[in-house]
Amino acid sequence: MKAMILNENTDLRKYKSPLELVDMPMPVPKEGEILIRISVCGVCHTELDEIEGRTPPPSFPAVLGHQIVGSVEELGSKANRFMKGDRVGVAWIYSSCGECRYCIEGNDNLCEEFKATGRDKNGGYAEYMTVPENFAYKIPEVFTDSQAAPLLCAGAIGYRSLRLTELRDGQSLGLTGFGASGHLVIKMAKYMFPNSNIYVFARSEKEREFSKELGAVWAGNTEDIVPQKLDAIIDTTPVWKPVVEALKNLNTEGRLVINAIRKEEVDKNYLLNLDYPRDLWMEKEIKSVANVSRKDVIEFLELAAQIPIKPEIEEYALEDANKALVDLKQGEIKGAKVLIVK
Ligand SMILES: [Zn+2]
Ligand SMILES: [Zn+2]
């Protein structure tokens, strides 16, 4: 089968073709697994972290990609949740132990045995992949394959971030950074919390305009001060400045949720601007979002179909994965990027 593989960690600013197109053996589904014929795979910021070594695959070569939509091609022994031909999706969570406290409580994203799709196990930048059947999801019919792919990561993790804010309807919400995840979060927040005002901090004027079209009551630059303190803020940026700046706008007892698997080191010194009485005192909280649970994916797909949330898409061929990644790195975001495999 065709696959775009990563052979080693590299700096994307210097080396623009980190992935290599190869022909590799088809994976064979083991007990309880299914073989998926991949139709599309979303391109995520996390792939940049994997390529540049902030969350590297444990071994090389690796097939990246964790927002996968395809059809069931073959069932491994004892796999019976799906039928051949069913349309399924796979998200960042590839597997977990199923027995620990976190798994039992539905927070399998926190399991010590958590394995990530497209990092710890081969993912979707290929024609086929295998996955334990319990970690594949039916895709609601309202979505095309391309529309569904970004929902599996940016959407599901955005949903988890929003849940972790513990926002109540009517409380104010801030979003700092307005990329793929921000677009989806504002749509679900408007639906889940119809009486809440949403404030967006974004560097580019285009993003600010777009956020207002999607229902933000206010949009400003990263370091702007909002007219009222915010009860919760979600940060979806890869750096530190937006975190420090957002804390100024956070209300007493407010919670800032950082939705990022890793932060880049480029502006780490900005943390020295942190002013305890202004930014953290009065029981303000900072919480990270780790991975995504199966429950998040299932609940979010249902919610997204109800609303409905249909992400803007920019399509690339599988062979053009390097270009998609470089475009993402350079911030050229017109919509969620997806690779068309077949
Ligand atoms: Zn992702
Ligand atoms: Zn576990």
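Read the numbers this way: they start at 1 and go in the same order the structure lists the ligands and their atoms. Given the structure is predicted, the values throughout are model-derived calculations rather than measurements.
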Report the angle formed at the Zn ion (ligand 2) by atom SG of Cys100 and atom SG of Cys97, rounding to the nearest 10°.
110°

Considering just N/O/S atoms, say which atom of His66 is closest to the Zn ion (ligand 1).
NE2

May I ask you to check whether Phe201 and Trp218 place their ring centres under 6.0 Å from each other?
yes

At the Zn ion (ligand 2): angle between Cys103 atom SG and Cys111 atom SG, to 10 degrees
110°

Hey, is there an N, O or S on His45 sitting under 2.8 Å from the Zn ion (ligand 1)?
no

Taking salt bridge (Lys or Arg N to Asp or Glu O under 4.0 Å) as the criterion, tell me which of Glu315, Glu314, Glu47 meets it with Lys337.
Glu314

Taking the basic N atoms (NZ, or NE/NH1/NH2) and the acidic carboxylate oxygens, is any pair closer than 4.0 Å for Arg208 and Asp224?
no

With a 4.0 Å cut-off, would you call Asp296 and Arg160 a salt bridge?
yes

Looking from the Zn ion (ligand 1), what is the angle between SG on Cys153 and SG on Cys44, to the nearest 10°?
130°

Is the NZ or CZ atom of Arg294 both under 6.0 Å from the centre of the six-membered ring of Tyr137 and within 45° of that ring's axis?
no

